[in-house]
Protein chains: 2
Amino acid sequence: MTVTLADVAARAQVSPATVSRVLNGNYPVAASTRERVLRAVDELDYVLNGPASALAAATSDLVGILVHDIADPFFGIMASAIQAEIGGTGGRAGGERLAVVCNTGGLPERELTYLTLLQRQRAAAVVLTGGAVENAPHAAAVATKLRKLAEAGTRVVLCGRPPVVDTPAIALAFDNRGGARQLTEHLLGLGHRRLGYIAGPEERTTTRHRLEGHRAALAAQGIEDDPRRTVHGRYDRRSGYEATLELLRRDPSLTAVVAANDSVALGACAALRESGLRVPDDVSVAGFDDLPFSVDAVPSLTTVRLPLAEAGARAGRIAMGREEAPPGGMATVRGELMVRGSSGVPRR
Amino acid sequence: MTVTLADVAARAQVSPATVSRVLNGNYPVAASTRERVLRAVDELDYVLNGPASALAAATSDLVGILVHDIADPFFGIMASAIQAEIGGTGGRAGGERLAVVCNTGGLPERELTYLTLLQRQRAAAVVLTGGAVENAPHAAAVATKLRKLAEAGTRVVLCGRPPVVDTPAIALAFDNRGGARQLTEHLLGLGHRRLGYIAGPEERTTTRHRLEGHRAALAAQGIEDDPRRTVHGRYDRRSGYEATLELLRRDPSLTAVVAANDSVALGACAALRESGLRVPDDVSVAGFDDLPFSVDAVPSLTTVRLPLAEAGARAGRIAMGREEAPPGGMATVRGELMVRGSSGVPRR
DNA sequence: ACGGATATAGAAAGCGCTTGCTGCTCGGGA
DNA sequence: TCCCGAGCAGCAAGCGCTTTCTATATCCGT
């Protein structure tokens, strides 16, 4: 029914071994033989049986990319860059690798499930993107899993995610703390003193680091850190909207809102607008990430640009063994402050 | 080194066959035996070998989701919905299915490559999202590939993509034509007569259908279809920006711009703004898709809402055989006109 | 108490491919 | 002319799992 290696071999009048070698191209085969085999492959429309091949060779050409939320461009952009770097390259057999992205939906258990599934498939590499969950048992479980994967020969790379101790995983971490600090310093420099902060979900490293950066900037200016000026939420627009209303309720005299990311910031802008406040005349707003739509917002968003595509590409190359891992197995990727229309001197 | 089924069997004092049956749960196994096996699995930290299992069973638990651009929320939202519907369900062995998304980057050849890769993996199902490419040879190649996949037992579902003739693929197509027509009718109803249209890439069914709907609305009003009023571009913000400038150059008296999708529409708004025109006072703007950010734009975008998540979920269920295919193997999914702030009565 | 269902476990034959090893052929140096 | 080594191709042994078929208990009705 389905055509197998043996069929191709028969047609090309060679042994299955030879066909395999032609396909994998890692063993000397005479040019004439090769051609004959290739022709047979073509004529029979042969497609390699991946599982069989993976079983025999004890490796597969599958590469997994884990993201928290595939509908969020933050992850989309990284995933796209990673995949571009991986998908194009020649793989073991037949040329291509299967770079696939897995959506955890931010659920810790799904993260583990996908990791197991990829382990089961004997994936060649796994790239984990986005902040890690800080829940201790889960973090430990992930660390164990990563260790197992590495032991089984799967290359593990973390992109935009802090290193995991005691693990051979290569990490490319974003400098969330530094970026956040710079951002808040910018606002403080403009003269703001009453700033609200809309944080992401607790238990996420990204959330914590950005918040720490923000607070560090405040502390450096000797501004007391009123916990009522911080609200936690999700990394989406709606969350920003609601949190802003809450912040305004707590302190109507706020002059600036710093958001966990750009989507949140946009939600914040909407809430301010609907509350009759102008951005930045009445309240300044700042985001994080600098996603494509941020420059288009009205007013355009002051934010911290993260080189998502570059980091993704690099992670992809490392995962493919086409670029050396950074010294110490980890590198920090810095963001760049983008001052735009949504931040200004406080007028009230 | 790695623990295998046989190791588990030895530890549980049963035959490998029994272990396999416990894991797959489709054969009577005494409760006490099952428990013993499960304990051994746990103690040894056994992970099924996917390729071996797939080889022996001649099926895998991999499900592929093809998208054109993973960084575009349009696809992200659909992919997320599809994956949610697939990933959670119990698969053949060990419980879960590996739902993976593959990013074609809009390149026809990558589409084919991924299809081959999935065929090679003996994927259980494949869901193709987004418009098809109309280039004849490529379309034929895709049709052939889909047929082959189906023959090999892979379920094929098209989501937001027109049916492919002569193929067992189930299609859930968006009514792009009808939606576009309604949108333009809305604008015409407001009194607009000089409308520019920013289309997506040519050779994409989505592009053609939306354009046809637009033109049908114009024709119904007896408005001549000036080809200079249409500009083609990509489905992104920048493209909308540039195209709008071009349209304005061709006819500065334009009173409305209809865009291929929301991102393009936002780009159009930016261009208009920079040209000193107000939206909607001077020029109305309309988008398509109703992505999450569209309601947040200033002014909020008049557009056609496509039930991306619902369609994706349904496609996912069909792919899993958990929902019956629509009669005739295809269904049309309608959009809903969302009239918002970016469209108004022409004032000039 | 006996025969035949019924329930459960095992033996073994692959699934389609890779790869270490063996074997043949041919060319060239002595 | 002979021998040796390089270059190529084939043999066959698995890779780790599933599944058919067979074997052994176990249990029921009569």
Side-chain angles (χ1 to χ4, degrees), chain A residues 1-38 40-41 44-62 91-94 119-122 124 152-153, chain B residues 1-38 40-41 44-62 91-94 119-122 124 152-153:
Chain A
M1 197 189 80
T2 50
V3 7
T4 71
L5 235 214
D7 299 332
V8 175
R11 171 137 200 158
Q13 317 245 52
V14 296
S15 72
T18 301
V19 177
S20 171
R21 297 202 259 246
V22 168
L23 260 23
N24 287 295
N26 48 15
Y27 192 87
V29 173
S32 63
T33 313
R34 170 192 315 284
E35 200 182 321
R36 201 144 34 91
V37 169
L38 257 17
V41 165
L44 295 177
D45 216 357
Y46 170 68
V47 175
L48 188 68
N49 182 319
S53 162
L55 173 58
T59 59
S60 84
D61 46 12
L62 190 77
R92 238 192 53 264
Q119 179 185 9
R120 176 178 302 179
Q121 299 297 330
R122 305 301 189 248
Chain B
M1 195 189 79
T2 51
V3 8
T4 72
L5 235 213
D7 299 332
V8 176
R11 172 140 200 155
Q13 316 246 51
V14 296
S15 71
T18 301
V19 177
S20 170
R21 297 200 260 247
V22 167
L23 261 21
N24 289 293
N26 47 17
Y27 191 89
V29 172
S32 63
T33 312
R34 168 192 316 284
E35 201 183 320
R36 204 146 30 92
V37 169
L38 257 18
V41 164
L44 294 177
D45 216 356
Y46 170 67
V47 175
L48 189 68
N49 182 318
S53 160
L55 172 59
T59 58
S60 86
D61 46 11
L62 190 78
R92 240 192 52 262
Q119 179 184 8
R120 175 178 302 179
Q121 299 297 331
R122 305 302 188 249

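Hydrogens, waters and symmetry mates are skipped; everything else that's a heavy atom, side chains included, is used. Here is how names work: the chains are called A, B, and so on, in the same order as the sequence lines, proteins then strands, and each is numbered from 1.
At least one side-chain nitrogen or oxygen of A/Thr33 sits closer than 4.0 Å to the OP1 or OP2 atom of D/dA9. Contact annotation: B/Thr18 does not reach the phosphate of C/dA9 (side-chain N/O to OP1 or OP2, under 4.0 Å). Within the 4.0 Å cut-off from OP1 or OP2 of D/dC11, not a single side-chain nitrogen or oxygen of A/Ser15 is found. Here A/Ser53 reaches the OP1 or OP2 of C/dT18: one of its side-chain N or O atoms lies under 4.0 Å away.
Between the CG atom of A/Leu44 and the C1' atom of C/dG16 there is a distance of 15 Å, rounded to whole Å. Taking atom CG on A/Leu23 and atom C1' on C/dT18, their separation rounds to 12 Å, with Å as the unit. One can place CD of B/Glu35 at 13 Å from P of C/dA9, the figure rounded to the nearest angstrom. In this structure, A/Asp61 places its CG atom 13 Å from C1' of C/dC17, rounding to the nearest Å. Taking atom CZ of B/Arg36 as the reference point, atom P of C/dG10 lies 8 Å away to the nearest angstrom. The CZ-P distance, from A/Arg122 to C/dT18, rounds to 17 Å in whole Å. D/dG14 atom P lies 18 Å from atom CG of B/Asn49, rounded to whole Å. Note: CZ (B/Arg120) to P (C/dG16) measures 16 Å, nearest angstrom.
Using a 4.0 Å heavy-atom distance criterion, A/Val14 is classed as a sugar-phosphate-only contact. Residue-level contact check: A/Val19 touches neither bases nor backbone, having no heavy atom under 4.0 Å from any strand.
B/Arg122 is not listed as a side-chain neighbour of B/Thr59, based on a closest heavy-atom distance of 4.5 Å or more.
The B/Ala17 side chain lies nearest to D/dT19 when the options are D/dC17, D/dT19, C/dT18.
Comparing B/Pro28 and B/Leu55 by the nucleotide of DNA chain C whose heavy atom lies nearest to each, the residue mapping closer to the 5' end is B/Pro28. Judged by closest nucleotide on DNA chain D, A/Val29 is the one of B/Thr4 and A/Val29 placed further toward the 5' end. Of the two residues near DNA chain C, B/Ala56 and B/Ala31, the one whose nearest nucleotide lies more 5' is B/Ala31.
The base of C/dA9 is paired with the side chain of B/Tyr27 by a donor and an acceptor separated by under 3.5 Å. Scanning atom types as modelled, no donor and acceptor separated by under 3.5 angstrom connect the side chain of A/Arg21 and the base of D/dG7.
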Kindly determine whether B/Tyr27 and B/Thr18 satisfy side chain to side chain contact (heavy atoms under 4.5 Å, CB included), including the steps that lead there.
CA-CA 9 Å; B/Tyr27 191 89; B/Thr18 301; over 6 Å; no
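The line from CG of A/Leu55 to OG of B/Ser53 is 10.5 Å long, rounded to the nearest 0.5 Å. To the nearest 0.5 angstrom, A/Leu23 atom CG is 7.5 Å from A/Leu38 atom CG.
Here the closest non-hydrogen pair linking A/Val29 and A/Arg34 is O-NH2, 3.5 Å.
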